[in-house]
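Reading through the structure tokens given below for one structure.
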Amino acid sequence: MVNKVKGTYDVLNDEIKIWHYLEDKIKKITKKYNYTEIRTPIMEYSNVYHRESEQSDMVLKETYNFKDKGNRDLTLRPEGTAGVIRSYIENKTYATTDLYKVYYHGPMFRYERPQKGRYRQFSQFGCEAIGYKNPLVDAEVIKLASDFIKEIGLKNVVVEINTLGDDKSRENYLNALVEYLTPYKDELSNDSKERLTRNPLRILDSKDKNDQKIIENAPKPIDYLSEESKKYFNDTINYLKIFNVSYKINNKLVRGLDYYSEVVFEILADLKNFGSQNALGGGGRYESLVDELGGPKTSAIGFSFGLDRLILAIKEEEIEINDNNYLDAFVIMFSDNELNYGLNIINELRDKNFIVDFDFKTRAFRNQLRRALNNNSKYLIIIGENEVNNKQVTLKNTKTEEEKIISKDELINILEKEIR
Ligand code: HAM
């Protein structure tokens, strides 16, 4: 027997309707905010992700890297942002618009330890607003993300927001943080020890109990903000109020990727049984990615949601999703003698855009009926010898059980009236 790859899963009947539901909501929300779709490749040259400034665990330890037959270094995308920026630069999109608002959704790959809500192949829906820096853009992006949650129907969700400040504020803060943590070096968990030189900001995010105790009294980014960054954050908050977004300020919020500065945010599931992977989405402003990848200095902000986790939250909150999988009619034929007549009717109905199916090989009435009902067919079109001889069909409404014999010519008129 062959098995699925560890950390991946199949989406089957019951779940696919939730995926379709989410995909409909993505279309709706992005249209409302005037974002256009972008589809970038799933694989990129490794240097799109592996950059000097990106020392996050996610990029250093969790990417799927391989060489193609031409000995080129490729990486399966672990996130959407860097690929979108690569495309923005390569297509010189900056020359055509001052604010490029795009969205994407699709599979991402990270070699992580699989658990509930954490997979090696997962899907993201993300938005990026690339072009200029303005707190109103930040507020609108956060508004979009929180509106999306509302649109889906999720109630137990919190939006947390923080600021990391501009480059100067960040540098001052990192110096203060390292100075504070260095005397505790031997007491820190192994992961945090390693991060102290490579990525000290991430120590704030440590789940280790002892690390958390040490961090409690650590300096906070907010105390090292430049006046400009303070104002930027306050302006963003004021716009969030105008947009009516509920949020919580979390001074400890740092993100898993290194490209952020200024405003960062996360959208968290606030559900008892959800488990530790409760970040439904997250994002923030990034100001160096475009020039690092070879483009002009450009500020941008974006976020992405993990669709797999949204699906877990939808299930947990028991949001009802109408299954619009149905047939208008199922054609039942008693024997192969009725096949030609039946196929003719099926063709005509499909030409008129009715959703129709039939059984290819079984002629036992009960089995055909079961298949019709399993497919949520609104009508049965029953054809036996009499119907063929009289150019008629028996039309049965599966809900009311009302049944009538009608001429073949009347069939389309009646269905048009009843269904449309
Ligand atoms: P991220 O926080 O790394 O940000 O991922 C965003 C979301 O993807 C997470 O909140 C989570 O819901 C989902 N996710 C991440 N890893 C996994 C996994 N292994 N299994 C299931 N879901 C997962 C980014 O990726 C940034 N690109 C967001 C962004 C866009 N920042 C600016 N623009």
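Computed over heavy atoms, backbone and side chain alike; hydrogens, waters and symmetry mates excluded.
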Any donor-acceptor N or O pair under 3.5 Å, side chains Tyr119, Glu112:
no
Could you tell me whether Phe330 and Phe358 have their ring centroids closer than 6.0 angstrom?
no
Taking C-beta and beyond as the side chain, do Ile149 and Leu280 meet within less than 4.5 Å on heavy atoms?
yes
Rounded distance [0.5 Å steps], CG in Asp10 versus CD1 in Ile16
10.5 Å
Thinking salt bridges, do Lys143 and Glu140 make one under a 4.0 Å N-O criterion?
no
4.5 Å side-chain heavy-atom contact, Lys193 and Asn190
yes
Is it the case that Tyr379 and Glu418 place a side-chain donor and acceptor less than 3.5 Å from each other?
yes
To the nearest 0.5 Å, how far apart are OG1 in Thr398 and NZ in Lys396?
9.0 Å
What I'd like to find out is whether the side chain of Phe233 reaches to under 4.5 Å of the side chain of Glu262, using heavy atoms alone.
no
Side chains of Ser192 and Ser189, donor plus acceptor under 3.5 Å
yes
Could you check whether Arg86 pairs with Glu90 (Lys NZ or Arg NE/NH1/NH2 to Asp/Glu carboxylate O, under 4.0 Å)?
yes
If you look at every heavy atom in Asn353 and Arg420, which pair is closest and at what distance?
O-NH2, 3.2 Å
Taking the six-membered ring for Trp and the full ring for Phe, Tyr or His, determine whether the centres of Tyr103 and Tyr35 are under 6.0 Å apart.
no
For the aromatic rings, using the six-membered ring if either is Trp, is the centroid distance between Tyr64 and Phe66 under 6.0 Å?
no
Just by distance, no angles: are the side chains of Asp138 and Tyr232 close enough, under 3.5 Å, to form a donor-acceptor pair?
yes
Examine the side chains of Glu292 and Ser53 and answer whether a donor and an acceptor come within less than 3.5 Å of each other.
yes
Any side-chain donor near an acceptor of the partner, Ser229 and Asp166, under 3.5 Å:
yes
Nearest heavy-atom contact between Val245 and Ser146 is CG1-OG, 3.8 Å
Does either side chain, that of Glu228 or that of Ser169, offer a donor lying less than 3.5 Å from an acceptor on the other one?
no
Would you call Glu128 and Lys101 a salt bridge, using N to O less than 4.0 angstrom?
no
Please find the pair of heavy atoms, one from Thr30 and one from Lys27, that lie closest to each other, and give the distance.
OG1-O, 3.2 Å
Just verifying a value: how many Å separate Ile18 CD1 and Leu312 CG, rounded to the nearest 0.5 Å?
9.0 Å
Lys378 to Tyr326 six-membered ring, cation-pi geometry met (6.0 Å, 45°):
yes
Hey, are the side chains of Arg120 and Pro114 touching, using non-hydrogen atoms and a 4.5 Å cut-off?
yes
Are Glu216 and Lys213 close enough for a salt bridge, meaning some N to O gap below 4.0 Å?
no
Mind checking the NE2-CD1 spacing from His105 to Ile38? Nearest 0.5 Å is all I need.
12.5 Å
Does a donor on one side chain sit under 3.5 Å from an acceptor on the other, for Glu79 and Ser304?
no
So, Tyr33 and Asp147: side-chain donor and acceptor under 3.5 Å apart, yes or no?
yes
State, to 0.1 Å, how close Thr163 and Pro221 come at their nearest heavy-atom pair, and which atoms those are.
O-CB, 3.8 Å
Gln115 versus Arg113: any side-chain heavy-atom pair under 4.5 Å?
yes
Do you know which two heavy atoms are closest between Asn156 and Glu317, and how far apart they sit?
N-OE2, 2.8 Å
Would you say the side-chain atoms of Arg77 and Tyr49 include a donor-acceptor pair closer than 3.5 Å?
no
Measure the OH-OG distance between Tyr132 and Ser299 for me, rounded to the nearest 0.5 Å.
11.0 Å
Please report the closest heavy-atom contact between Asn199 and Gln55, naming both atoms and the distance.
ND2-O, 3.7 Å
Does Asp328 reach the side chain of Leu415, with side-chain heavy atoms less than 4.5 Å apart?
no
Do Tyr184 and Asp211 meet the criterion of a side-chain donor-acceptor pair at a distance under 3.5 Å?
no
State whether Phe122 and Arg110 meet the cation-pi test: NZ (Lys) or CZ (Arg) under 6.0 Å from the six-membered ring centroid, and within 45° of the perpendicular axis.
no
Under a 3.5 Å cutoff, is there a donor and acceptor pairing between the side chains of Asn65 and His50?
yes
With heavy-atom distances below 4.5 Å as the criterion, would you say the side chains of Leu144 and Ile29 are in contact?
yes
Between Arg371 and Gln368, do the side chains contain a donor N or O and an acceptor N or O under 3.5 Å apart?
no
Can you confirm whether Val356 sits close enough to Val331 that some side-chain heavy atom of one is under 4.5 Å from a side-chain heavy atom of the other?
yes
Supply the atom-to-atom distance Leu204 CG to Gln212 CD, rounded to the nearest 0.5 angstrom.
11.0 Å
Over 12 foreign heavy atoms within 6.0 Å of CG, Asn374:
yes
